[in-house]
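Note on naming: letters A, B, ... go to the chains in the order of the sequence lines (proteins, then strands), and numbering restarts at 1 for each one.
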Number of protein chains: 2
Amino acid sequence: MKYKRSERLVYMTQHLITNPNKLIPLTTYVDKFSQAKSSISEDIRIIKDVFNAEGLGILQTTAGANGGAMFIPKISVERAEMIISEFKEDLESSERLLPGGYLYMSDIMGNPKMMNDIGDLIATMYGGLEIDSVVTIATKGISLANAVARKLNVPVAVIRKDNKVTEGSTVSINYVSGSTRKIETMVLSKRTLKEGSRVLVVDDFLRAGGSITGVTNLMEEFNATVVGVSVLVEAKEVANRRFNDYTSLLKVSEIDEFNESFVVEEGNCLDYITGK
Amino acid sequence: MKYKRSERLVYMTQHLITNPNKLIPLTTYVDKFSQAKSSISEDIRIIKDVFNAEGLGILQTTAGANGGAMFIPKISVERAEMIISEFKEDLESSERLLPGGYLYMSDIMGNPKMMNDIGDLIATMYGGLEIDSVVTIATKGISLANAVARKLNVPVAVIRKDNKVTEGSTVSINYVSGSTRKIETMVLSKRTLKEGSRVLVVDDFLRAGGSITGVTNLMEEFNATVVGVSVLVEAKEVANRRFNDYTSLLKVSEIDEFNESFVVEEGNCLDYITGK
């Protein structure tokens, strides 16, 4: 296929961004376009500069015979601020308060554009760490885990609270739910997570942290290392939280069921991005 | 921002493919790049031609004052064949047979690259229809629903088999599981799906079709129209299936638990793509 530079750039841009965190050897493009390596290198440089200037991510290039390019989704601080402010506006906007002080968030978890943006944001926070798998708890966390895992190019492992026969042999633990104080069970199929993996844990909502503590205990059974915990929303006023080391996009407080009101503010994830 | 054509093409390519099924007015790019509309139109034409030649999707353009471009993920038959053959190889490869004739598929559902490819494939089959929402059943179908919904640019509605308090008021139905003959319950939050929606139903596995029949009954409660049903894998030898109008990527048959063997063949989705 003999393409001009402009045409090569279209192909290479889509190819790189649809294969994040994967090293594409320059030879892939040299062969595909029957072009000299120097021309392809120049193409890559153009893409890299635009991604930089627009805050779309980093195009990491490696030189030498095995040289190549890898697209790393890393958004700018400005873009991160925009994503959080959109999310905040959405969370504040409609009547989300449910009995028991819960927030209705299924529309947010089911919004692919918002999940995609938030996936970019969380991948930016944790993309520098070595991560083998994104772990979450069924059902609500799955959409978020998918969005993050796609950007990091790693698999998702879904922990369930019911033991279904259809996943083969499992490891389970009991834990105390921080909110209800009930003893519950958490189950992960043995085949879903490799022993000794480095995992990023994501979930939709953090209250007392009983579930996340449960996840970290379950991870020990897999000899896994939890390299980070990130949640979309945390309830701000929870005392005695069992888990302190995490990032959140938003914080909710002053939940008043009677007046159907609550206050939303930014979580700590921007500190995490700017502090890097 | 004053960019050269090559630089504009990088930006516009990434912008179009990360906003599928959304009309981007040409003025967006005219304003961003301070360029004449004729130059931007020429940029769009270059992107369109490369997408066409490479089978990456369709760039639909509309002329006039409100003219713009919309990226429609529509893969070529060759690419569809490749995705199905990769999926088939993966499903055949490892020891997937579980007690009861179930297949272990969590690794496939948790593989973001494979879900992305299959999302492209299913979006290609149903992208021509007017669809308001992708509907699935927790837990296994969620990753697939996310992948398809992202390509179609519509929300996901997740039906649950347990009634959690955290989703507000719900509609539920009872249905008979085709495999176990037990009566089970299916629940969908009222706020998750608009009355009168046109929905595409996706799921990981189709056996007797009791769940899918349940979904279609539940959709009636929402006055929704089921415009299609698509599953990753169907069990071929099930008699008395309650549901006939669906597409599947793969068919599994001759499941032999004693010898731990089964046969995988292509489903009907390629006919669906080529027949269009």
Side-chain angles (χ1 to χ4, degrees), chain A residues 1 3 5-7 9-14 17-19 22 43 46-47 49-51 53-54 56 98-100 102-107 109-113 115-116 133 138-140 142-143 145-147 149-158 160 162 164-168 189 191-192 205, chain B residues 1 3-7 9-11 13-14 17-19 22 43 46-47 49-51 53-54 56 98-100 102-107 109-113 115-116 133 138-140 142-143 145-147 149-158 160 162 164-168 189 191-192 205:
Chain A
M1 190 84 61
Y3 273 151
R5 163 150 294 145
S6 57
E7 294 159 330
L9 286 173
V10 171
Y11 180 84
M12 288 164 66
T13 299
Q14 72 77 28
I17 68 170
T18 53
N19 289 283
K22 184 177 170 184
D43 296 344
I46 294 169
I47 298 173
D49 289 349
V50 174
F51 282 9
E54 299 286 336
L56 298 171
L98 298 172
Y102 287 93
L103 293 187
Y104 177 82
M105 283 173 55
S106 300
D107 59 331
M109 309 312 286
N111 178 335
K113 176 70 181 151
M115 282 299 110
N116 187 63
S133 200
T139 315
K140 298 267 190 67
I142 300 178
S143 304
N146 282 332
R150 189 159 42 84
K151 304 291 177 173
L152 296 175
N153 192 27
V154 299
V156 171
V158 177
R160 300 176 63 144
D162 55 347
K164 292 282 177 189
V165 69
T166 58
E167 299 204 349
S189 160
R191 292 164 71 162
T192 309
F205 206 88
Chain B
M1 188 84 61
Y3 273 152
K4 284 185 273 188
R5 162 150 294 145
S6 57
E7 294 159 330
L9 286 172
V10 171
Y11 180 84
T13 299
Q14 72 77 29
I17 68 170
T18 53
N19 289 283
K22 183 177 170 184
D43 295 344
I46 294 169
I47 298 173
D49 289 349
V50 174
F51 282 9
E54 299 287 335
L56 299 170
L98 299 172
Y102 287 94
L103 292 187
Y104 177 82
M105 281 172 56
S106 301
D107 59 330
M109 307 312 287
N111 177 336
K113 177 70 181 151
M115 282 300 110
N116 187 64
S133 200
T139 313
K140 299 267 189 67
I142 300 178
S143 305
N146 283 332
R150 190 160 41 83
K151 304 292 178 174
L152 295 177
N153 191 28
V154 298
V156 172
V158 177
R160 298 176 65 143
D162 55 348
K164 291 283 178 189
V165 69
T166 59
E167 300 203 348
S189 161
R191 294 166 68 161
T192 309
F205 206 89

K.L.:
With only heavy atoms counted, which part of B:Ile47 is less than 4.5 Å from chain A, the side chain, the backbone, both or neither?
P.N.:
both
K.L.:
Measure A:Ser6 against the heavy atoms of chain B and call it side chain, backbone, both or neither at under 4.5 Å.
P.N.:
both
K.L.:
For chain B, which candidate among A:Leu103, A:Val158, A:Thr139 shows the most heavy-atom pairs at distances under 4.5 Å?
P.N.:
A:Thr139
K.L.:
Name the option with the most non-hydrogen atom pairs under 4.5 Å to chain B; the candidates are A:Gln14, A:Arg191, A:Arg5.
P.N.:
A:Arg191
K.L.:
Given heavy-atom pairs under 4.5 angstrom as the criterion, report whether the side chain, backbone, both or neither of B:Thr18 touches chain A.
P.N.:
both
K.L.:
What are the two closest heavy atoms between B:Pro112 and A:Ala149, and how far apart are they?
P.N.:
CG-O, 3.7 Å
K.L.:
At a heavy-atom separation under 4.5 Å, does A:Asp43 approach chain B through its side chain, its backbone, both, or neither?
P.N.:
neither
K.L.:
Measure the CG-OG1 distance between A:Leu9 and B:Thr13 for me, rounded to the nearest 0.5 Å.
P.N.:
8.0 Å
K.L.:
When heavy-atom pairs shorter than 4.5 Å are enumerated against chain A, which of B:Asn116, B:Asn153, B:Thr192, B:Leu152 gives the highest number?
P.N.:
B:Thr192
K.L.:
Under 4.5 Å heavy-atom distance to chain B, tell me which part of A:Leu56 shows up: side chain, backbone, both or neither.
P.N.:
side chain
K.L.:
Between CG of A:Asn146 and CZ of B:Arg150, what distance do you get to the nearest 0.5 Å?
P.N.:
8.5 Å
K.L.:
Which residue out of B:Ala145, B:Ser106, B:Ser143, B:Ala138 racks up the most heavy-atom pairs below 4.5 Å with chain A?
P.N.:
B:Ser143
K.L.:
Under a 4.5 Å heavy-atom cut-off, does chain B meet the side chain of A:Val154, its backbone, both or neither?
P.N.:
backbone
K.L.:
Between atom NZ of B:Lys140 and atom CD of A:Glu167, what is the distance when rounded to the nearest 0.5 Å?
P.N.:
5.0 Å
K.L.:
Measure B:Ser189 against the heavy atoms of chain A and call it side chain, backbone, both or neither at under 4.5 Å.
P.N.:
side chain
K.L.:
Less than 4.5 Å to any heavy atom of chain A: does that hold for the side chain of B:Asn19, its backbone, both, or neither?
P.N.:
side chain
K.L.:
If I measure from the heavy atoms of chain B, does A:Ile142 come under 4.5 Å with its side chain, its backbone, both, or neither?
P.N.:
both
K.L.:
Based on non-hydrogen pairs under 4.5 Å, which of A:Val156, A:Val50, A:Asn111 is most in contact with chain B?
P.N.:
A:Val50
K.L.:
Starting at OH of B:Tyr3, measure out to CD1 of A:Ile46 and round the result to the nearest 0.5 Å.
P.N.:
12.0 Å
K.L.:
Need one label for A:Phe205: side chain, backbone, both or neither, based on atoms under 4.5 Å from any heavy atom in chain B.
P.N.:
neither
